[in-house]
Amino acid sequence: MMAPNSQQLPVAIVGAGPIGLTTALGLAYHGIPCVVYEDDAPLSSETKAGTLLSRTLEIFRRYGVADQILSQALRVDEIGEIDRRTQKSTFPVLLGDLADETRYPFVINLPQQDLEPILGEAIRLNGLINLRMKHRLLSFEDEGESVTLTLQTPDGVIQERAAFLLGCDGGRSTVREQMGIQVEGTSLPVKYALVDLVVDLDLENPRDYPYLAYFADPVEWMILVRHPHCWRFLYPLAEGVDEPSEDELRDKSLSFIGQVSNVKVINKVTYRVHHRVAARWRQGRAILMGDAAHLITPMWALGLNTGALDASNLPWRLSWFLRGLGAESILDGYEREQRPLAIHGSGEMAEAARHSMSKRFDSVSALSENNWSNAYTRTMLGVKLDVNGINDWSMVVRETRPAVGAGDRLPDYLVHTPAGSQSRIHDLCSGHFTALYFSDVRRRPKVPENLSSLLRHYVVSRFDAPRDSGLRDRSLLDPGSAFFKRLGIATNTLVLVRPDEHIAAVLPLGDNALTASELYEQITGLPLPRSPEPA
Ligand SMILES: Cc1cc2nc3c(=O)[nH]c(=O)nc-3n(C[C@H](O)[C@H](O)[C@H](O)COP(=O)(O)OP(=O)(O)OC[C@H]3O[C@@H](n4cnc5c(N)ncnc54)[C@H](O)[C@@H]3O)c2cc1C
C-alpha cells in the first residue's frame with residue numbers, strides 16, 4: 001500500500017457520533033484533512049451515555065476541546081457504592097487521590113446529546129474538517145490506493161473518493177457489513193431502562209449520594225447519575241416485561257431513594273445490552289472504530305470511553321502513514337492494541353460489574369488493592385497497551401503507583417520547563433514522539449539536539465541545568481525527583497513516549513543501548529527525517 005497518492009485525498013469518516021467526531025478532531029490535530037458523513041440531519045439528540053472518564057478528558061485536551069466540555073459538565077470526585085438497605089456509601093472510590101497523576105482527578109457527567117454539539121462546534125471552527133449531514137453511506141469500493149464511497153444525499157446518489165474509510169457508524173455499521181466482518185459475542189436477554197428525573201435532592205429532599213452511585217442489591221439494582229440538569233436512574237428490566245411507563249419508572253426510582261416531593265419525569269428510554277466485538281477491525285483501507293468495532297455492556301461508562309481510546313490511537317498512526325513518515329506497518333498496532341482491550345478489558349470488566357451489582361463483595365470490589373489503584377482503574381488512567389505485540393496489556397491496576405513500562409500511559413506529572421514555567425508533562429509530549437532522559441544533568445548525559453518536531457528530547461533531573469551544560473534548552477526540572485520516583489525506573493533511563501502519551505519503550509542509557517532515533521524507526525518503520533520538520 002502506497003501513501004503518496006492518497007495523501008491528496010481526505011480521510012472519510014462515516015458517522016458523526018461521539019467517536020466519529022472525536023476522530024475527526026484527532027486527525028485535524030495531526031494535520032490530516034477529513035470529511036465526516038452523517039446520515040441524520042442534526043446530531044443525535046438520543047439519550048445514551050452520560051459519564052466521561054479521566055483518560056477520555058485527557059484525549060479531549062489533546063484535541064483541544066476539554067475546556068469547552070468541562071464548562072458544560074458536572075465534575076465528580078467520588079464514585080459510590082450505596083447499600084440499598086442502609087442507604088450508606090460502602091465502597092467509595094475517591095478520585096482526588098489522583099491529583100498528582102492527572103489534571104483531571106475526577107470523571108464528568110454530561111449527557112451524550114450535550115457532548116455531541118460541543119464536538120460539532122469545534123469541528124465547524126476547524127478548517128481541516130468538513131461535516132456533511134444527510135449523507136448516508138450506501139456502499140464503498142476499496143481500490144487499493146484509495147476508497148470510493150457511494151452516498152445517498154438530498155440531491156441524489158453521489159460518489160466521493162477518500163484516502164481511508166473509518167467506520168464510526170455505530171452498532172449496525174454499514175461499513176462493517178460491507179467488509180463482511182462478523183461480530184463475536186452475545187446480546188443479552190436483559191434490557192435496561194433509563195429515566196431522567198428533575199427532583200431537588202439537595203435542599204427540598206436532602207440526600208448525600210455521590211454524583212455517580214451504584215446501588216447494589218441481590219434482588220434489584222440501580223445506577224444513579226447526577227447530570228447538570230437532572231438525576232438519571234438506570235435499572236435492568238426483568239426478561240419479557242412490557243415497556244415500563246413513566247409513572248412506573250418514577251415509582252421504581254423512589255423505591256430506591258425514598259419518598260420525595262416535586263418529582264418530574266423528563267425523559268425515558270429502554271435498550272438492549274450487548275457484549276460483542278468485531279472479528280477484525282481493519283481490511284485494506286477500511287477501519288472500524290467505536291461501537292462499529294465493539295458493543296460493550298453499558299456499565300462503568302466503558303462503552304463510549306472505550307471508543308475514545310480508539311480515537312486516541314488511530315489518528316496519529318494514520319497521520320504518520322499519510323504524511324509519508326511511517327510505513328504501512330504503523331497501522332497494524334491499532335487493532336493489535338485496541339481489540340484485546342475491548343474484548344477482555346472493557347467488555348469483561350463491564351460484564352463483571354453487571355454481575356457484581358446483584359451480589360456484592362465479589363471480584364469487582366476486589367479488582368484493585370486500595371483506593372488509589374481502584375481510582376486509577378475506574379478512570380481508565382491505568383490502561384496499558386500491547387505496544388510490543390507480546391500480549392502485555394491491562395485495564396486493571398493493582399498496586400499503588402506501580403513502576404511504569406512499555407504500553408503504560410505516561411503519568412501526567414508536573415515539571416518545570418526551560419522557559420521557567422511549570423507544565424504538565426503531557427503538554428510537552430502530546431502529538432509527537434518524546435525522549436525523556438532521566439539522568440543527572442550535571443554529568444552531561446548525551447541528549448541530542450531538538451532538530452525535528454517529530455522527536456523531541458529532554459533530560460529530566462532534580463538539578464537545574466547550568467548554562468555551561470549545553471542542555472539548558474532541553475532540560476526539565478523535577479524538584480525532589482517526584483516524577484522520576486513515580487515512574488519507578490532506575491537512574492540513567494530513557495523513556496520514549498508516543499504521540500498518544502503512551503510509553504513506547506523504557507531502556508537503560510549507555511554506549512551500546514538503542515538510541516531514541518533507532519527506537520523511533522522501529523515503531524514508525526521509517527527513519528527519522530534528517531532535515532527539521534515543520535511543527
Ligand atoms: C440507550 C443507550 C444508553 C447508553 N448508555 C451508555 C452509558 O451509560 N455509558 C457508556 O459508556 N455507553 C453507553 N451507551 C453506549 C454509547 O452511547 C456508545 O458507545 C456511543 O454512542 C458510541 O459512539 P459511536 O460514535 O461509536 O456510535 P454512535 O453513537 O452509534 O454513532 C454512529 C453514527 O453513525 C451514523 N450512521 C450510521 N450508519 C450510517 C451510514 N450508513 N451513513 C452515515 N452515517 C451513519 C448514525 O446516524 C450515528 O450518528 C449507551 C447506548 C445507548 C443506545
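Numbering of ligands and ligand atoms starts at 1, following listing order.
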So, regarding [X] and ligand 1 (criterion: nitrogen or oxygen to nitrogen or oxygen, under 3.5 Å), is there a contact or not?
X	value
G290	no
M289	no
E116	no
R136	no
A292	no
T174	yes

Please check if the side chain of R336 supplies one atom and the backbone of D386 the other of a donor-acceptor pair under 3.5 Å.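 Yes.
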Are [Y] and [X] an aromatic pair, judged by ring center distance below 6.0 Å?
X	Y	result
F256	W231	no
Y211	F106	no
W281	Y334	yes

What are the atoms of ligand 1, with element, lying closer than 4.0 Å to any heavy atom of [X]?
X	answer
A301	9 (N), 11 (O)
Q112	16 (C), 17 (O), 20 (C), 21 (O), 29 (O)
T47	1 (C), 2 (C)
D39	43 (C), 44 (N), 45 (C)

State whether a side-chain donor-acceptor pair under 3.5 Å links [X] with [Y].
X	Y	result
E116	S44	no
Q338	D310	yes
Q68	Q72	no
W316	D500	yes
R409	Y376	yes
T90	D83	no
S187	R276	yes
Y235	E220	no

Intermediate values then yes/no, ring pair (Phe, Tyr, Trp, His ring centres under 6.0 Å), F215 and Y209: CA-CA 10 Å; F215 284 63; Y209 301 135; 5.3 Å; yes
Taking the six-membered ring of Y271, is NZ or CZ of K191 closer than 6.0 Å to its centre and within 45° of its axis?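 K191 over Y271 ring: no.
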Which residue, R232, H227, K264, H229, forms the side chain to side chain donor-acceptor pair (under 3.5 Å) with D196?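 The passing option is R232.
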Considering only heavy atoms, does [X] approach ligand 1 within less than 4.0 Å through its side chain, its backbone, both, or neither?
X	result
D169	both
Y37	backbone
C168	backbone
L234	neither
L302	backbone

Hey, is H135 one of the residues with a heavy atom under 4.0 angstrom from ligand 1?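 Yes, H135 has heavy atoms under 4.0 Å from ligand 1.
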Can you tell me if L138 contacts ligand 1 (heavy atom of the residue under 4.0 Å from the ligand)?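 It does not; every heavy atom stays at 4.0 Å or beyond.
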Nearest-option assignment for [atom], heavy atoms, candidates [options]:
atom	options	value
atom 24 (P) of ligand 1	L137, L194, I19	I19
atom 14 (N) of ligand 1	G50, A293, G303, A49	A49
atom 52 (C) of ligand 1	E46, M133, M299, K48	K48
atom 22 (C) of ligand 1	I13, D310, D291	D291
atom 48 (C) of ligand 1	E38, R232, E177	E38

Students should be able to answer this: which protein heavy-atom is nearest to [atom], and at what distance?
atom	answer
atom 23 (O) of ligand 1	P18 CG, 3.4 Å
atom 31 (O) of ligand 1	G17 CA, 3.5 Å
atom 30 (O) of ligand 1	G170 CA, 3.6 Å
atom 1 (C) of ligand 1	Y271 CD2, 3.1 Å
atom 34 (O) of ligand 1	G15 CA, 3.2 Å

Is there a side-chain contact between L57 and L70 in this structure, where contact means two heavy atoms from C-beta onward sitting under 4.5 Å apart?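 They are in contact (side-chain heavy atoms under 4.5 Å apart), so the answer is yes.
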